[in-house]
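A short write-up of the structure that comes next.
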Amino acid sequence: MFRFLLNWFKPKESEEDQDPMKKFLIVGLGNIGEKYANTRHNIGFKILDFFAEKEGVTFETQKLGDIATYKLKGRTFIFLKPNTFMNLSGKAVGYWLTKEKIPIENLLIIADDLNLPFGSIRLKTKGSDGGHNGLKDIQDKLNTTKYNRFRFGISDAFGKGRQVDYVLGEWTAIETENLPERLDKSVELIKSFALAGVNNTMNLFNGK
């Protein structure tokens with residue numbers, strides 16, 4: 001009876017202590033600095049900034065990046081915008097995965113994709129870096145290609161030899177007009193990733 005009473009009054013563990021699978025690292029890729037803020041290559045930063053503004057979340061500069069925390073239905077989202085520049089993103093990702101003890105299956109990397117039409121979204125659980133230097137560095141640092149990545153289409157509307165100028169260029173007027181709806185859809189995808197799981201989210205959002 002005494003043991004029962006002890007168990008009854010024993011403080012309950014938090015949901016996160018009970019289940020570490022309820023913590024997620026959501027990483028938006030981009031380059032730091034005002035001159036890159038509105039470029040296509042910075043869509044990862046833009047999506048997380050949009051999410052944070054919409055939900056009243058604030059980023060703080062910490063080790064290797066800007067960090068924000070958001071909680072929803074028992075899940076904890078840790079948003080990371082690496083400050084290492086795009087091509088060295090892997091160091092920040094590895095550090096925060098380890099620091100927060102987040103399993104790699106709860107990692108989501110957001111990056112631009114030249115091979116998708118503007119605004120198209122595609123979630124994958126593994127794959128090559130597709131020539132994306134940020135993804136390449138993450139792959140090298142984590143020593144695996146098996147991590148979730150959310151690719152946001154920026155299209156390939158550039159001339160021969162103009163790829164760098166294009167990805168580091170700013171959105172057109174038409175793209176800027178259509179971005180808010182696409183950003184809203186991206187926020188929905190991120191929430192679904194944590195709440196419904198990667199497979200259900202792929203079925204719901206890929207190609208939408």
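- A salt bridge links E175 to R40: one of the charged nitrogens lies within less than 4.0 Å of a carboxylate oxygen.
- With hydrogens and angles disregarded, no donor-acceptor distance shorter than 3.5 Å links the side chain of S120 to the backbone of L116.
- Contact record, K146 with I104: O-CD1, 4.0 Å, taken as the closest heavy-atom pair.
- Under the ring-ring contact (aromatic ring centres under 6.0 Å, His included) criterion, Y70 pairs with F51, F77, not counting sequence neighbours.
- We find that D49 and K81 are joined by a salt bridge, their nearest charged nitrogen and carboxylate oxygen being less than 4.0 Å apart.
- Between S186 and I47, the shortest heavy-atom contact is OG-CD1, 3.7 Å.
- Looking at L25 and E100, their side chains never come closer than 4.5 Å, going by heavy atoms from C-beta outward.
- Salt-bridge formation is not detected for the pair D129/K136: no Lys NZ or Arg NE/NH1/NH2 atom is positioned less than 4.0 Å from an Asp or Glu carboxylate oxygen.
- Distance check: I109 CD1 to S89 OG gives 8.0 Å after rounding to the nearest 0.5 Å.
- Between atom CD of residue E177 and atom OG1 of residue T172 there is a gap of 9.5 Å, rounded to the nearest 0.5 Å.
- Counting only distance, with no hydrogens or angles, the side chain of R182 and the backbone of G119 share a donor-acceptor pair below 3.5 Å.
- Checked by atom type and distance alone, the side chain of W96 pairs as donor or acceptor with a backbone atom of K63 at under 3.5 Å.
- Between the CG atom in L135 and the OG1 atom in T145 there is a gap of 11.0 Å [rounded to 0.5 Å].
- Judged by distance alone, with hydrogens and angles left aside, the side-chain atoms of N42 form no donor-acceptor pair with the main-chain N or O of N38 at under 3.5 Å.
- P103 and L97 make their closest contact through O-CD2, 4.4 Å (heavy atoms, listed as atom of the first residue, atom of the second, distance).
- Contacts of D156 classified as side-chain contact (heavy atoms from CB on, under 4.5 Å), with partners at least two apart in sequence or in another chain: F158.
- Of all non-hydrogen atoms in T201 and A196, the two that sit nearest each other are OG1-CB, 4.4 Å.
- A salt bridge does not link E55 to K71: none of the charged side-chain nitrogens sits closer than 4.0 Å to a carboxylate oxygen.
- Panel note: side chain D112, backbone F152; no donor-acceptor pair is recorded below 3.5 Å.
- Annotation: side chain of F45 is not in contact with side chain of N31 (no heavy-atom distance under 4.5 Å).
- In terms of heavy-atom proximity, V57 sits nearest to T69 at CG1-O, 3.6 Å.
- The distance from the CG atom of L80 to the CD1 atom of I67 is 4.5 Å, given to the nearest 0.5 Å.
- Atom CZ in R149 sits 9.5 Å away from atom CG in L107 (nearest 0.5 Å).
- For the residue pair D66/T61, the side-chain donor-acceptor check at 3.5 Å is satisfied.
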Exercise for the section: Test side-chain hydrogen bond (donor to acceptor under 3.5 Å, both in side chains) on T125 and Y147 and set out the steps. Expected result: CA-CA 5 Å; T125 58; Y147 61 87; over 6 Å; no
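- In this structure, the side chains of W171 and I154 come closer than 4.5 Å at one or more pairs of heavy atoms.
- The shortest side-chain heavy-atom distance between N133 and D137 does not fall under the 4.5 Å cut-off.
- Between F79 and F59, the two ring planes are tilted [angle within 30° to 60°].
- In this structure, the separation between CZ on F193 and CZ on R75 is 11.5 Å, given to the nearest 0.5 Å.
- Looking at every heavy atom in both residues, T39 comes nearest to L168 through CG2-O, 3.1 Å.
- Using a 4.5 Å heavy-atom threshold, the side chains of F50 and D184 count as touching.
- Looking at I102 and I78, their side chains come closer than 4.5 Å, going by heavy atoms from C-beta outward.
- Looking at L204 and L189, their side chains never come closer than 4.5 Å, going by heavy atoms from C-beta outward.
- Residues passing the ring-ring contact (aromatic ring centres under 6.0 Å, His included) test with F150: none are found, sequence neighbours excluded.
- Of the N and O atoms on the side chains of D113 and H132, not one donor lies less than 3.5 Å from an acceptor on the other residue.
- Counting only heavy atoms from C-beta outward, the side chains of L29 and I43 never approach each other to under 4.5 Å.
- One N or O on the side chain of N106 and one on the backbone of K23 form a donor-acceptor pair closer than 3.5 Å.
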